[in-house]
2 protein chains.
Amino acid sequence: MGKQMTELLKGTLEGIVLALLSGRAAYGYEITAWLREQGFADIAEGTIYALLVRIEQRGLVDVEKVPSEKGPPRKVYSLNARGRADLAEFWTTWGFLAERLERLHHEGR
Amino acid sequence: MGKQMTELLKGTLEGIVLALLSGRAAYGYEITAWLREQGFADIAEGTIYALLVRIEQRGLVDVEKVPSEKGPPRKVYSLNARGRADLAEFWTTWGFLAERLERLHHEGR
DNA sequence: TACCGGTACATAGTAACACTGAATAGCGGG
DNA sequence: CCCGCTATTCAGTGTTACTATGTACCGGTA
């Protein structure tokens with residue numbers, strides 16, 4: 001993956017995962033697979049698991065262990081109230097940034 | 001500044017500065033002031049100077065020392081060919097990300 | 001039985017970046 | 001003569017994503 005993408009993902013990736021979880025509960029392996037489908041081909045599993053640990057420790061998600069038919073038990077994450085508040089704040093921050101970049105891009109300033 | 005903004009700026013700030021320099025040459029103090037005008041109120045001066053050192057060492061900009069009437073000499077940065085190539089790549093990467101986030105935001109997935 | 005591939009999670013170490021807080025230095029005005 | 005504005009630099013810190021593994025459970029197959 002490009003170095004630029006790596007740096008741009010810092011901060012963004014968490015928002016992406018929170019946004020996904022706002023739609024439906026999911027577990028790490030599933031999230032990784034979904035990201036790959038979305039075109040984020042090279043996001044390492046370890047990255048996602050580390051991110052999930054972080055947002056859990058910050059109290060943004062609720063966790064439930066669910067047995068799997070095909071392997072070790074899944075840790076299913078779902079967004080709670082604090083997570084939704086954090087996501088809303090993320091969209092605000094992102095919107096601010098995206099607006100300014102869009103302007104920069106098209107004005108060629 | 002919000003922690004989210006701090007993280008979102010990683011990678012983005014460099015693109016912003018490169019975009020600015022693609023329009024006109026500028027020096028650190030001036031860039032900081034311009035960013036504040038654009039609404040990035042709390043970007044530390046030290047951050048910009050460190051960024052300028054980085055892009056200079058990567059050979060994305062040309063530097064010229066210009067005496068100032070009001071203080072120590074200015075280091076004026078201008079985008080060169082490699083910088084323009086890097087900026088183009090940045091816009092591609094940014095576009096990919098922005099598109100996916102826009103979709104996530106409006107589909108509520 | 002023994003092995004392998006797919007599922008699923010975890011972690012130690014590294015690199016990159018923005019921030020904090022301070023120091024240095026030139027210049028003009030009160 | 002010091003204060004404020006201009007202008008740059010740097011050491012130390014925290015956060016994040018990546019690399020590279022390791023662990024573990026399961027079903028199928030030779």
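We name chains A, B, ... by the order of the sequence lines, and we start the count at 1 in each one.
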Looking only at atom types and distance, does a side-chain atom of A:Q4 sit under 3.5 Å from a main-chain N or O of B:D86, one as donor and one as acceptor? yes

Within residues 3-12 of chain A, which residues have any heavy atom lying less than 4.0 Å from an atom of DNA chain D? A:T6, A:L9, A:K10, A:G11

For B:L9 and B:I43, run side-chain contact (heavy atoms from CB on, under 4.5 Å): C-alpha distance rounded to whole Å, both residues' side-chain angles, the deciding distance at 0.1 Å, then the answer. CA-CA 10 Å; B:L9 279 177; B:I43 292 184; 4.0 Å; yes

A:F40 has an atom CZ; how far is it from atom C1' of D:dC18, in whole Å? 16 Å

For the pair made of CG in A:D42 and P in D:dT19, what is the distance, rounded to whole Å? 8 Å

Can A:L52 and A:V61 be said to form a side-chain contact (heavy atoms from CB on, under 4.5 Å), step by step? CA-CA 9 Å; A:L52 291 172; A:V61 287; over 6 Å; no

Roughly, in whole Å, what's the span from CD1 in B:I48 to C1' in D:dC10? 16 Å

Which part of the nucleic acid, if any, lies within contact of A:L52, taking any heavy atom under 4.0 Å across all strands shown: a base, the sugar-phosphate backbone alone, or nothing? nothing

Determine which pairs satisfy salt bridge (charged side-chain N to carboxylate O under 4.0 Å, His left out) with at least one residue from residues 43-66 of chain B, sequence neighbours left out, and list them in order. B:E14-B:R58, B:E56-B:K75

Apply side-chain contact (heavy atoms from CB on, under 4.5 Å) to residues A:F40 and A:L13 and explain how you reach the verdict. CA-CA 10 Å; A:F40 298 99; A:L13 187 56; over 6 Å; no

Would you tabulate the nitrogen or oxygen pairs shorter than 3.5 Å linking the protein to nucleotides 5-12 of chain C?
from   : atom 1 : to    : atom 2 : distance (Å)
C:dT7  : OP2    : A:Y29 : OH     : 3.0
C:dA8  : OP1    : A:S68 : OG     : 2.9
C:dA8  : OP1    : A:R74 : NE     : 2.5
C:dA8  : OP1    : A:R74 : NH2    : 2.4
C:dA8  : OP2    : A:Y27 : OH     : 3.1
C:dC9  : OP1    : A:K75 : N      : 2.5
C:dC9  : OP2    : A:G28 : N      : 3.4
C:dC9  : OP2    : A:Y29 : N      : 2.9
C:dC9  : OP2    : A:Y49 : OH     : 3.0
C:dA10 : OP1    : A:K75 : NZ     : 3.3

How close or far is atom P of C:dA18 from atom CG of A:L97, stated in whole angstroms? 12 Å

Please check: side-chain N/O of B:T12 versus main-chain N/O of B:L8, any donor-acceptor pairing under 3.5 Å? yes

Are the charged groups of A:R103 and A:E99 less than 4.0 angstrom apart, N to O? yes

